[in-house]
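Below: one structure, written as structure tokens.
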Protein chains: 2
Amino acid sequence: MQPEGYWVTIETMSHSGQEFGWAEQLQAAGHRLTAPRRAVLRVLEGARTHLHPEEVLERARLIYPGLGRATVYRTLALLTDLGLLHPIRLGGSPRLARIAEGHHHLVCLACGHSFSFEECPERELEAELARRFDFEIKGHLLEFYGLCPDCREAEDA
Amino acid sequence: MQPEGYWVTIETMSHSGQEFGWAEQLQAAGHRLTAPRRAVLRVLEGARTHLHPEEVLERARLIYPGLGRATVYRTLALLTDLGLLHPIRLGGSPRLARIAEGHHHLVCLACGHSFSFEECPERELEAELARRFDFEIKGHLLEFYGLCPDCREAEDA
DNA sequence: TTGATTGCAAATGATTTGCAAGGTT
DNA sequence: AACCTTGCAAATCATTTGCAATCAA
């Protein structure tokens, strides 16, 4: 019954036309660039997986040991406001793998493992939607849910 | 800074080939069909939006007043195990609209409003991925993130 | 009957907030 | 100097769990 609960994973936005690093964008928006923030940014920018806030904390503390948990949350909120991050929450997965700038997953509903793929058939759709809704689209997330081979096997047994 | 926090929204799985109602599927899986569960099921099956557990509780209490919060969570977990529900968590949106069986949203990063659309360009991709990863795919979620016309305007001002 | 299920209340876990101290511009 | 940021600890909010009573099969 998925006793593990759920996790917040951080979803970096794709094709946002990022000309500057996050640090610069943070400053451009009038925020100060402090050592704690730098540490968090470095972790996030370098992440090859979705990270929980707690993981961000752990890793960022390797860079800036005194870092407080609240600062991580505050920085995540800040980046979310700037449209650089988007929090999502998925149940059942101990961890979600992700390829650098892609946001395309295949998530197993049973074991929670996820697989990434690169195909992105939404480009045309994106343009069409941008036009129809007059939206400025910054990124997307495409996830398929199902059963992986191992779990299907286990289920049959 | 999005003081509202985040919400759990319930994502019904699409094209799952549902031949029976959830009540039947629950029983088929060996679970008992109780009044509290019936109430929750009725709310979920009738929902035209993503619902937070708290909303499910509120609505289900209209049907079965004595309903306890824990039972809602337990039932949601049960349905998740059966692959009928999938919990997701999105930040920044007060509510997420959704069209009956579609799971295609356009979410404004600023105001959190969401718009639904029907196009679904992933059918072929789904088949291709199912083959490549040997996955049994049950549903999917496609979300675009961006800025709606109103918020873009407000931002420019 | 008999084990599954329930509501309640307490326990847990995650996230947010108040505040005095410290850091950035 | 002025005000933004920080870390800490306390507060809050969401979710889970223990348990005795109740209910579906």
Side-chain angles (χ1 to χ4, degrees), chain A residues 1-10 22-24 26-41 50-58 60-61 63-82 85-94, chain B residues 1-10 22-24 26-41 50-58 60-61 63-82 85-94:
Chain A
M1 202 143 307
Q2 297 174 336
E4 317 102 86
Y6 311 120
W7 303 267
V8 174
T9 60
I10 306 305
W22 290 6
E24 284 79 4
L26 209 64
Q27 287 191 300
H31 301 287
R32 294 186 180 167
L33 195 49
T34 62
R37 283 183 181 163
R38 255 186 247 275
V40 171
L41 292 182
H50 296 272
L51 297 173
H52 320 178
E54 196 61 29
E55 290 179 302
V56 174
L57 176 64
E58 269 174 43
R61 272 186 173 160
I63 303 173
Y64 183 83
L67 185 64
R69 183 174 278 95
T71 297
V72 169
Y73 280 102
R74 283 187 280 232
T75 304
L76 293 178
L78 205 53
L79 293 171
T80 300
D81 279 357
L82 292 176
L85 281 184
H86 191 64
I88 62 176
R89 185 194 235 210
L90 296 166
S93 356
Chain B
M1 203 145 307
Q2 296 175 339
E4 317 101 89
Y6 311 122
W7 305 267
V8 174
T9 61
I10 306 305
W22 291 6
E24 285 78 3
L26 209 65
Q27 288 190 301
H31 300 287
R32 293 184 181 171
L33 196 49
T34 63
R37 283 182 180 165
R38 255 187 247 275
V40 172
L41 292 181
H50 294 273
L51 297 172
H52 319 176
E54 196 62 29
E55 290 178 304
V56 174
L57 176 64
E58 269 175 42
R61 270 186 174 160
I63 303 172
Y64 183 83
L67 185 64
R69 182 174 278 96
T71 298
V72 169
Y73 280 102
R74 283 188 281 233
T75 305
L76 293 178
L78 205 52
L79 293 170
T80 300
D81 278 357
L82 292 175
L85 281 184
H86 190 66
I88 62 176
R89 185 192 234 208
L90 295 167
S93 355

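What you see is a predicted model, and the numbers here were worked out from it, not measured in a lab. In what follows, chains carry the letters A, B, and so on, assigned in the order in which the sequence lines appear, proteins first and then strands, with residues in each chain numbered from 1.
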Next on the checklist: Is the phosphate of C/dT6 approached by B/Thr34 (side-chain N or O, under 4.0 Å from OP1 or OP2)?
Outcome noted: yes
Next on the checklist: Need one value for A/Arg37: base, sugar-phosphate or nothing, where a base atom within 4.0 Å counts as base even if backbone is also close, heavy atoms only.
Outcome noted: sugar-phosphate
Checklist entry - Do B/Leu26 and B/Thr75 come within less than 4.5 Å of each other through their side chains, counting heavy atoms only? => result no
Item to check | Spacing between B/Tyr73 atom OH and D/dG18 atom P, to the nearest angstrom | outcome: 18 Å
Checklist entry - B/Leu78 has an atom CG; how far is it from atom P of D/dT16, in whole Å? => result 13 Å
Next on the checklist: Need to verify one output field. Residue with the more 5' nearest nucleotide on DNA chain D, B/Arg32 or B/Ala70?
Outcome noted: B/Ala70
Checklist entry - Roughly how many Å is it from NE2 in A/His52 to P in C/dA14, rounded to a whole number? => result 10 Å
Item to check | Whole-Å distance separating the CG atom of A/Leu67 from the C1' atom of C/dG22 | outcome: 15 Å
Checklist entry - Could you state the CD-C1' distance from A/Glu55 to C/dG13, rounded to the nearest angstrom? => result 16 Å
Checklist entry - Are side-chain heavy atoms of A/Val40 and A/Arg37 found at a separation under 4.5 Å? => result no
Checklist entry - Would you say B/Thr71 and B/Thr34 make side-chain contact, with heavy atoms under 4.5 Å? => result no
Item to check | Integer-rounded Å distance: D/dT16 C1' and B/Glu54 CD | outcome: 15 Å
Checklist outcome for this item: Closest non-hydrogen contact found for B/Ala60 with B/Ala39 is O-CB, 3.8 Å
Checklist entry - A/Leu76 CG to C/dT16 P: how many Å, rounded? => result 9 Å
Item to check | A/Gln27 vs C/dT24: side-chain N/O to OP1/OP2 distance below 4.0 Å | outcome: no
Checklist outcome for this item: In whole angstroms, the gap separating P of D/dT6 from CG of A/Leu57 amounts to 13 Å
Checklist entry - Which atom pair, heavy atoms only, marks the closest approach of B/Ala23 to B/Leu33? => result CB-CD2, 3.9 Å
Next on the checklist: Check this one for me: any side-chain N or O of A/His31 less than 4.0 Å away from OP1 or OP2 of D/dT5?
Outcome noted: yes
Checklist entry - Among C/dC8, D/dG7, D/dA25, which is the nearest nucleotide to the side chain of A/Pro36? => result D/dG7
